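So the structure is just underneath, and the comments pick up after that.
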Amino acid sequence: MSDQQPDTVAPARPPVVVAGNVAVITGGASGIGLAVAEALIGEGMSVLLADIDAPKLRDVEARLTEDGASVATMICNTTAEPEVNALIEYALEQFGGVHIMFNNAGIGGVGDAWEDSMDLWHRVVDVNLLGVVHGIRAVLPVMQQQGAGHIVNTASMAGLGAVPGIAPYIATKHAVVGLSESLFLEQLATGSPLGTSVLCPGFVKTDLMDKEPDAVDAPLAQFTNEVLRAGIEYGIPAGDVADQVVAAIKADRFWILTHEDMRQGPAERMQRAATGTNPTLPELGS
Ligand code: NAD
């Protein structure tokens, strides 16, 4: 899908989507991570897939290898910094570099943010926020030494606007947008050869909600749970997101907003902020 923002930024940095280069992808056994892996394999790149879902990872590795791809896999829980460090070391061992780091593993975190135990918050913050932080910290020295590399962090449209009923998800996705923008600006300020993008998808048809509870006690959280399930069921294919991710890396573009019809929401929100107007309820059902 190339109805994205125009690719006006000429890539001044060394290109990274190059046959023989290496991508590391967390949450790579499924959904958006797997689709991006397939797109990069299509560009001739080697890919190291990391995930906590061992059976899925095994199946994916077998299928991709049979198709002749240069692929490795590693069971890696991104919430544990040593495991993510080991992931990057494994990429160096197997393939000799890391040119694209896709910090993508994430969970929905359905539950009652204010009355359930704090475990919910810790779980969502650990995966959706600290997992991304671990990936960046592990790969930056390698990319800096290479003098080339691009980091893509998966946030969400939930990182550019709020809905009621999933506060931990909203909070962590806002945090991923913020830290990604900080990293981008640091690279700009230092004349770094490295690039950064933030991926903000709307609904994408994946397995994201399969691991979440069907029912939650809090009525609002339950309502949002059902809306998210329905949205994802009718979401765009992960392959469309992957095409946009690859195009954005090639164009050295920071923002990757996959849904044309959702781009106005964040602008209107900031307009409300600028004019001191209170938030309004989003049209969750549409
Ligand atoms: P998915 O469930 O198909 O894929 C996520 C993968 O991450 C799974 O394979 C899962 O096993 C893995 N994972 C979960 N926790 C992990 C951990 N601690 N360490 C390593 N791997 C872990 O779902 P998806 O929709 O492809 O999700 C990918 C990313 O996209 C997530 O960050 C999600 O928040 C984001 N996202 C998805 C949508 C959507 O509509 N599907 C929309 C916006 C953002």
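Whatever order the structure lists ligands and atoms in, that order sets their numbers, starting from 1. It should be emphasised that the depicted structure is a prediction, and the values quoted were computed from it without experimental measurement.
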So, [X] and [Y]: side-chain donor and acceptor under 3.5 Å apart, yes or no?
X    : Y    : value
H150 : S197 : yes
T190 : S192 : no
N104 : T26  : no

Atom [atom1] of residue position [X] - does it have more than 12 heavy atoms of other residues, nucleotides or ligands inside 6.0 Å?
X    : atom1 : value
E233 : CD    : yes
D59  : CG    : yes
R63  : CZ    : yes

Within the 4.0 Å heavy-atom shell around [X], which atoms of ligand 1 are there?
X    : result
F203 : 40 (O)
T78  : 17 (C), 18 (N), 19 (N), 20 (C)
N77  : 17 (C), 18 (N), 19 (N)
I232 : 40 (O)
G31  : 3 (O), 26 (O)
K211 : 1 (P), 2 (O), 8 (C)

Is [X] in polar range of ligand 1, meaning some N or O pair under 3.5 Å apart?
X    : value
T79  : no
S156 : no
T154 : no
D53  : no

Option set [options], criterion heavy-atom distance to [atom], minimum:
atom                    : options         : result
atom 37 (C) of ligand 1 : V204, T172, I32 : I32
atom 20 (C) of ligand 1 : G27, C76, G33   : C76
atom 15 (N) of ligand 1 : L49, I52, I236  : I52

Of all the non-hydrogen atoms in the protein, which one sits nearest to [atom], and at what distance?
atom                    : answer
atom 29 (C) of ligand 1 : N104 O, 3.2 Å
atom 3 (O) of ligand 1  : S30 OG, 2.5 Å
atom 11 (O) of ligand 1 : D51 OD1, 2.6 Å
atom 36 (N) of ligand 1 : Y169 OH, 3.6 Å

At under 4.0 Å between heavy atoms, which part of [X] makes contact with ligand 1: side chain, backbone, both or neither?
X    : result
D126 : neither
A155 : backbone
K205 : neither
V127 : side chain
K56  : neither

Could you pull out the closest heavy-atom pair between I88 and M101, with the gap in Å? CD1-SD, 3.7 Å

To the nearest 0.5 Å, tell me how far [X] [atom1] sits from [Y] [atom2].
X    : Y    : atom1 : atom2 : value
M209 : I107 : CE    : CD1   : 11.0 Å
L130 : H122 : CG    : NE2   : 11.0 Å
D210 : L208 : CG    : CG    : 8.5 Å

Would you mind reporting whether I136 and L179 have side-chain heavy atoms less than 4.5 Å apart?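 The answer is yes, as the side chains (C-beta and beyond) meet within the 4.5 Å cut-off.
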
Taking K250 first and then E43, would you say they form a salt bridge - that is, a charged N and a carboxylate O separated by under 4.0 Å? yes

Co-membership, hydrophobic cluster, residues I170 and V124, 4.5 Å side-chain: no

